[in-house]
Asker: 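My structure is below; once you've seen it, I'll send some questions.
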Amino acid sequence: MIKSNSLRVHLLVLLYDTFRSGLSHAESGLIHGVSPRTSSYASKWCRRTHPKAESFVSRQSLRDLHYYRTMITRDIRESLSLQESCSRHGCRPQTYRMWEYAYYSGLMDRRESELTGRQPQKQEPEMTDTGRKRLAHAADLEKELEAARAENEYLRCENAYLKKKMELEGRPVSLPDIRNGLRQ
């Protein structure tokens, strides 16, 4: 299940781009985990929305483009639903989805490069405190896992050494039966 409608617009653009690259709707849907019918819908929706979004973006100044990009990235970062985003910005859902289409399809980037004459700098969504904590926790877990692997390898080597030493000394090598907690 997709969490928010902003992700849905992103998925529609991805499906359309995959279809335009030469794959069929069935192949495009298979890649993105949706039905061929959804891929077909994405293609029709993007073709219908593109002229409106292109017209909208062509009328915007550089300052307005930065505002829309910041607005959309903040809504994505906060995982707002379509209704929450529309009430926050005071616009209709169709208008907001058109803004998202312009953002995800690269129309805003192209218009910005036309206005400035250089490639736009993508704004990466800021990482929240929760995200930082997860990354720190994941890094700690990776370190612990690596330490456990190193200790495991050391114990295997030590075990092999002791077995070999016992064989050379002529003592019988017996392994404990771990299932019953008894030695053989």
Side-chain angles (χ1 to χ4, degrees), residues 1-140:
M1 182 175 166
I2 298 173
K3 279 179 72 171
S4 70
N5 284 326
S6 63
L7 295 177
R8 191 173 307 137
V9 171
H10 187 221
L11 179 63
L12 293 173
V13 172
L14 285 174
L15 285 165
Y16 183 55
D17 287 343
T18 306
F19 175 71
R20 278 192 324 182
S21 70
L23 297 176
S24 68
H25 286 299
E27 294 167 330
S28 177
L30 188 61
I31 289 172
H32 296 287
V34 296
S35 70
R37 209 170 159 165
T38 304
S39 178
S40 176
Y41 169 77
S43 178
K44 290 175 188 170
W45 186 85
C46 288
R47 277 185 269 155
R48 195 175 56 237
T49 307
H50 186 80
K52 292 182 248 178
E54 196 170 36
S55 172
F56 166 77
V57 168
S58 68
R59 296 187 307 261
Q60 303 306 312
S61 67
L62 189 60
R63 189 171 137 231
D64 292 336
L65 289 173
H66 285 294
Y67 168 74
Y68 287 118
R69 182 178 286 121
T70 303
M71 173 185 72
I72 290 170
T73 55
R74 183 175 21 148
D75 291 351
I76 292 167
R77 184 178 62 237
E78 294 175 7
S79 299
L80 295 181
S81 68
L82 180 63
Q83 291 78 18
E84 292 169 332
S85 298
C86 291
S87 65
R88 173 187 271 186
H89 304 296
C91 65
R92 295 175 34 226
Q94 295 87 351
T95 305
Y96 189 81
R97 286 174 61 96
M98 188 253 318
W99 292 343
E100 286 183 306
Y101 175 80
Y103 174 77
Y104 285 120
S105 66
L107 290 174
M108 287 185 182
D109 294 338
R110 277 187 248 138
R111 175 67 177 157
E112 185 176 333
S113 64
E114 286 175 10
L115 293 173
T116 61
R118 57 186 159 82
Q119 291 292 341
Q121 295 178 349
K122 291 235 181 202
Q123 293 180 349
E124 295 295 325
E126 292 179 17
M127 188 177 290
T128 61
D129 289 338
T130 307
R132 286 189 192 98
K133 287 177 185 173
R134 282 187 192 142
L135 281 179
H137 184 65
D140 291 342

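Predicted model only: the values in this text are computed from it and were never measured. Numbers here are sequence positions counted from 1.
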Asker: Nearest 0.5 Å, what's the CD-CG distance between Glu27 and Leu30?
Answerer: 8.0 Å

Asker: Between Ser28 (side chain) and Leu15 (backbone), is there a donor-acceptor pair under 3.5 Å?
Answerer: yes

Asker: Donor-acceptor pair, distance only, cut-off 3.5 Å: does the side chain of Ser43 make one with the backbone of Ser40?
Answerer: no

Asker: Pick from Arg88, Arg69, Arg97: which one makes a salt bridge (charged side-chain N to carboxylate O under 4.0 Å, His left out) with Asp75?
Answerer: Arg88

Asker: How long is the span from the CG atom in Leu107 to the CE atom in Met98, to the nearest 0.5 Å?
Answerer: 10.5 Å

Asker: Please report the C-alpha distance between Thr73 and Tyr103 in whole Å, then the side-chain angles of each, then the deciding distance to 0.1 Å, and finally whether the side-chain contact (heavy atoms from CB on, under 4.5 Å) criterion is met.
Answerer: CA-CA 9 Å; Thr73 55; Tyr103 174 77; 3.1 Å; yes

Asker: What residues, two or more places apart in sequence or in another chain, satisfy side-chain hydrogen bond (donor to acceptor under 3.5 Å, both in side chains) together with Arg59?
Answerer: Ser55

Asker: Side-chain donor-acceptor pair under 3.5 Å between Thr18 and His32, yes or no?
Answerer: yes

Asker: Mind listing the closest non-hydrogen atom pair of Val9 and Tyr104 along with its distance?
Answerer: CG1-CD1, 4.0 Å

Asker: What orientation do Trp99 and Tyr68 show, parallel under 30°, tilted 30 to 60°, or perpendicular over 60°?
Answerer: tilted

Asker: Are the side chain of Thr49 and the backbone N or O of Cys46 linked by a donor-acceptor pair below 3.5 Å?
Answerer: no

Asker: Go through Met108 and Ile72 one step at a time and tell me if the side-chain contact (heavy atoms from CB on, under 4.5 Å) criterion holds.
Answerer: CA-CA 12 Å; Met108 287 185 182; Ile72 290 170; 4.2 Å; yes

Asker: Supply the atom-to-atom distance Arg111 CZ to Thr116 OG1, rounded to the nearest 0.5 angstrom.
Answerer: 10.5 Å

